Amino acid sequence: MSEIKNRMVLLAEQLRELTHGICKMAPGPYGIGVSTNAVSPLTAILKLTPEPFKEGNICLPGNQTCTVEMCAFTEEQRALRTYLTRDELAAFSQGDDPAARIVAETILRMNDSSPVVTVQECNDAFDILADWEINGQGDPSTAEKEFIASLSKTSAPKAGMEMTM
């Protein structure tokens, strides 16, 4: 008998696999966010509509569906509070920076499937991702570390996490 896996967890696994660990989903103070390694000039963002973790949506029914969209921005856009357009992502996916290319290609690919998850899947995924963090499953593998280091001139790039509110 096959077990149906949580679609939000599948998206988290897909993001990490396609970016070779440059991006990963993790639990945070405002729900599930995406951390993007500093080797990439693009910062990835996870947007859920409606936002199941938003304070006013605390009582959304578990079967309520949410659309999932991956977005990205550059440092310049962060100040303007805007995201890259599909055309801008496509340009990055053809550019010279390998980390930006990987992140842009992944976002375009993930958005092409127009993922939808339920509020219950979001809630369950938060707990699963938190358990992964606690148990070290969220840590980068040796292969991911080596790949990221190969993209960077520094041996220990800094990472940050971005979340939408």
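Here the structure is a predicted model, which is why all the values come from computation and not from measurement.
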Closest heavy-atom contact between [X] and [Y]?
X    : Y    : answer
R101 : Q94  : CG-N, 4.4 Å
P27  : F126 : CB-CE1, 3.5 Å
S93  : A104 : N-CB, 3.7 Å
A100 : F92  : CB-CD2, 3.8 Å
A99  : L151 : CB-CD1, 4.1 Å
V9   : K5   : CG1-CE, 3.9 Å

Sole candidate of [options] that passes side-chain contact (heavy atoms from CB on, under 4.5 Å) when paired with [X]:
X   : options              : result
M70 : L108, L89, L15, T106 : L15
H20 : N37, I102, I148      : I102
P41 : D97, T74, V103       : D97

Q. Which pairs count as side chain to side chain donor-acceptor pair (under 3.5 Å) when at least one residue sits in residues 128-147, sequence neighbours excluded?
A. R16-E144, K24-E133
Q | E69 side chain near T49 side chain, heavy-atom distance below 4.5 Å | A | no
(Q) Can you confirm whether L48 sits close enough to V68 that some side-chain heavy atom of one is under 4.5 Å from a side-chain heavy atom of the other? (A) yes
What is the distance from atom [atom1] of [X] to atom [atom2] of [Y], rounded to the nearest 0.5 Å?
X   : Y    : atom1 : atom2 : answer
L42 : E75  : CG    : CD    : 10.5 Å
R7  : C122 : CZ    : SG    : 9.5 Å
R78 : T43  : CZ    : OG1   : 6.5 Å
L10 : E17  : CG    : CD    : 11.0 Å
I32 : L129 : CD1   : CG    : 5.5 Å
L11 : M25  : CG    : CE    : 5.5 Å

**Q.** side-chain contact (heavy atoms from CB on, under 4.5 Å) between F147 and I22, worked out
**A.** CA-CA 9 Å; F147 178 76; I22 295 170; 4.2 Å; yes
Q) Would you find more than 12 non-hydrogen atoms of other residues, nucleotides or ligands less than 6.0 Å from D96 atom CG? A)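 No, not enclosed.
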(Q) Check whether Q64 reaches the backbone of V119 with its side chain - one donor and one acceptor, N or O, closer than 3.5 Å. (A)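 No.
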Q | T36 (side chain) donor-acceptor with A44 (main chain) under 3.5 angstrom | A |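 Pair found, side chain donor or acceptor close to backbone of A44.
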Q: For Q120 and T118, test the side chains for any donor-to-acceptor distance below 3.5 angstrom and give the result as yes or no.
A: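 Side-chain D/A pair, Q120 to T118: absent.
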**Q.** Counterpart residues, side chain to side chain donor-acceptor pair (under 3.5 Å), relative to E105 (two or more places apart)
**A.** none
